[in-house]
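Quick caveat, the model's predicted, so the values are computed rather than measured. Residue numbers run from 1 in the order of the sequence given.
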Amino acid sequence: MSISLSNDDVESRPDVAMVHAEQLVKRFGDHTVLNGVDFDVQRGQVVVVIGPSGSGKTTLLRCLNHLEKIDSGRIFIDGKLIGYREQKGRIVEDTETNIALARSQIGFVFQRFNLFAHKTALENIIEAPIHVLHQPKGEVIERARILLEKVGLSEKADAYPHRLSGGQQQRVAIARALAMNPKLMLFDEATSALDPELVGEVLKVMRQLAEEGMTMVVVTHEMGFARDVADHVVFMADSQIVEQGPPEQIFDDCQNERTKTFLSRTLA
């Protein structure tokens, strides 16, 4: 593990990028999934990551909240190194308690909804704030009802997941992530498991979050969403960031042949 820590590491402050990752390398056995990736997200920015399957997009997201350990490089969230800490001048893996605390500030919405099948929509949302953040149950329930209303599901508070459509389950999953009051939201193909007619209701919620200034990193194949909502688009291929820039640059004036080929097939 070759992770360095400079002497000018910063505490949380408004002028620091929400995400700063440099020279990330991640391997699974002999297969390199991320190969020297540099990645930055500013506060309030919506960064959309696109690219072919197997290019490293999901792995990048999972590394950002330390669900996957990197092999080299370093990641700062809100100015603080995630997953590691300095000890006697060396960088070592952080404690599970500190990692869990850092991860609790990063919302993650997965392809599959991962709801507790034996709990209602409301119970799914209040689980972590009560048991992880130890917040008062009454306040958590009140906030959960507000979040259900926000995602258009106030009437589904007492419904179990099997009684909800895929789009409704994913909106509950978004509300569950928001209940932790995260500083950063990660979306990993949040609509890919949905029937086409249900995609729009989830994208609507994501658009609303973007309009409200939530810092978001979104991996998606929804090119319309990327073009309309992203502040910055990152194209990944072959374990690297190949090209990045404002959506109008990537979609209308991309320079890399790999990007052009991908978009010509995706947008055809």
Discussion item. Determine whether Ile50 and Leu263 satisfy the following criterion, side chain to side chain contact (heavy atoms under 4.5 Å, CB included), listing intermediate values before the conclusion.
Written reply: CA-CA 10 Å; Ile50 62 173; Leu263 290 176; 4.2 Å; yes
Item to complete: For Arg227 and Val48, run side chain to side chain contact (heavy atoms under 4.5 Å, CB included): C-alpha distance rounded to whole Å, both residues' side-chain angles, the deciding distance at 0.1 Å, then the answer.
Response: CA-CA 9 Å; Arg227 182 190 287 271; Val48 174; over 6 Å; no
Discussion item. If you apply the rule side chain to side chain contact (heavy atoms under 4.5 Å, CB included), what do you find for Met214 with Leu178, and how did you get there?
Written reply: CA-CA 10 Å; Met214 173 64 73; Leu178 292 174; 3.8 Å; yes
Fill in: Verdict with supporting geometry, Ile174 and Leu209, side chain to side chain contact (heavy atoms under 4.5 Å, CB included)
CA-CA 10 Å; Ile174 293 173; Leu209 292 176; 4.1 Å; yes
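For Glu149, the CD atom sits in a loose shell: 12 or fewer heavy atoms of surrounding residues, nucleotides or ligands are nearer than 6.0 Å. More than 12 heavy atoms of other residues, nucleotides or ligands shown are found within 6.0 angstrom of CD on Gln208. Within a 6.0 Å radius of CZ in Arg145, no more than 12 heavy atoms belonging to other residues, nucleotides or ligands are found.
Residues Leu148 and Ala121 approach most closely at CD2-CB, 4.5 Å, considering heavy atoms. For Glu243 against Gln255, the heavy-atom pair with the smallest separation is OE2-N, 2.7 Å. Across every non-hydrogen atom of Asp158 and Thr120, the tightest pair is O-CG2, 3.5 Å. Residues Ala177 and Gly107 approach most closely at CB-CA, 4.1 Å, considering heavy atoms. Considering all non-hydrogen atoms of both residues, Ala144 and Leu122 come closest at CB-CD1, 3.4 Å. Listed here is the closest heavy atom pair of Ala210 and Val46: CB-CG2, 3.6 Å.
Ile106 contributes atom CD1, which lies 11.5 Å from atom CE of Met185 (distance to the nearest 0.5 angstrom). With values rounded to the nearest 0.5 angstrom, Phe28 atom CZ is found 8.5 Å from His31 atom NE2. Between the CZ atom in Phe113 and the CD atom in Gln168 there is a gap of 10.5 Å [rounded to 0.5 Å]. Remark: Glu222 CD to Glu189 CD distance equals 8.0 Å, nearest 0.5 Å. Note that OG of Ser55 and CZ of Phe262 are 7.5 Å apart. Values are rounded to the nearest 0.5 Å. The structure places CD of Gln240 at 10.0 Å from OG1 of Thr32, a figure rounded to the nearest 0.5 Å.
Residues Ile82 and Val25 fall into different hydrophobic clusters, defined by Ile, Leu, Val, Met, Phe, Trp and Tyr side chains chained together at heavy-atom separations under 4.5 Å. Both Val242 and Met223 are members of a single hydrophobic cluster when ILVMFWY side chains are connected at heavy-atom separations under 4.5 Å. Under the 4.5 Å side-chain heavy-atom criterion for Ile, Leu, Val, Met, Phe, Trp and Tyr, Leu267 and Val229 are members of the same hydrophobic cluster. Put simply, Leu64 and Leu67 are part of the same group of oily side chains (I, L, V, M, F, W, Y) that touch within less than 4.5 Å, one to the next. The cluster map of Ile, Leu, Val, Met, Phe, Trp and Tyr, joined by side-chain heavy atoms under 4.5 Å apart, puts Leu184 and Phe39 in the same cluster.
Remark: side-chain polar atoms of Asn256 are paired, donor with acceptor, to backbone N or O of Arg258 under 3.5 angstrom. A donor-acceptor pair under 3.5 Å is absent between the side-chain atoms of Thr59 and the main chain of Gly56, judged by distance alone. Looking only at distances, no side-chain donor or acceptor of Thr191 sits under 3.5 Å from a matching main-chain atom of Val199. The main-chain N or O of Gln23 is found under 3.5 Å from a side-chain atom of Asp38 such that the two form a donor-acceptor pair. For Asp71 (side chain) and Arg27 (main-chain N/O), a donor-acceptor pair under 3.5 Å exists by modelled atom type.
Side-chain contact between Leu81 and Ile91 is present, with at least one heavy-atom pair separated by less than 4.5 Å. Pro52 is listed as a side-chain neighbour of Phe235, based on a closest heavy-atom distance under 4.5 Å. Within the 4.5 Å cutoff, the side chain of Ile77 has no heavy atoms near those of the Gln105 side chain. By the 4.5 Å heavy-atom criterion applied to side chains, His232 and Ile250 are not counted as neighbours. Counting heavy atoms from C-beta on, the side chains of Glu142 and Pro136 never come closer than 4.5 Å. Using a 4.5 Å heavy-atom cutoff, the side chains of Ile99 and Glu93 are in contact. Val151 is not listed as a side-chain neighbour of Arg176, based on a closest heavy-atom distance of 4.5 Å or more. Side-chain contact between Arg265 and Thr261 is present, with at least one heavy-atom pair separated by less than 4.5 Å.
Lys156 pairs by the salt bridge (charged side-chain N to carboxylate O under 4.0 Å, His left out) definition with nothing, not counting sequence neighbours.
Ring geometry, Phe108 versus Phe110: the interplanar angle falls under 30°, so the pair is classed parallel (tilted spans 30 to 60°). Taking the six-membered ring for Trp and thresholds of 30 and 60 degrees, Tyr84 and His66 have ring planes more than 60 degrees apart, a perpendicular arrangement.
When the options Gln170, Arg171, Gln169 are evaluated for a side-chain contact (heavy atoms from CB on, under 4.5 Å) with Leu164, the one that passes is Gln169. Checked options Lys80, Arg85, Lys69; the residue passing with Asp94 is Arg85 (criterion: salt bridge (charged side-chain N to carboxylate O under 4.0 Å, His left out)).
Ion pairing of Glu201 with Lys204 is absent here, as no side-chain N (NZ or NE/NH1/NH2) approaches a carboxylate O to less than 4.0 Å. With salt bridges taken as basic N to acidic carboxylate O contacts below 4.0 Å, none links Asp188 and Lys57.
Counting side-chain heavy-atom gaps under 4.5 Å among Ile, Leu, Val, Met, Phe, Trp and Tyr, Leu101 is found in no cluster with other residues. Other residues sharing the hydrophobic cluster of Leu133, ordered by chain and number and joined by side-chain separations under 4.5 Å: Val132, Met180.
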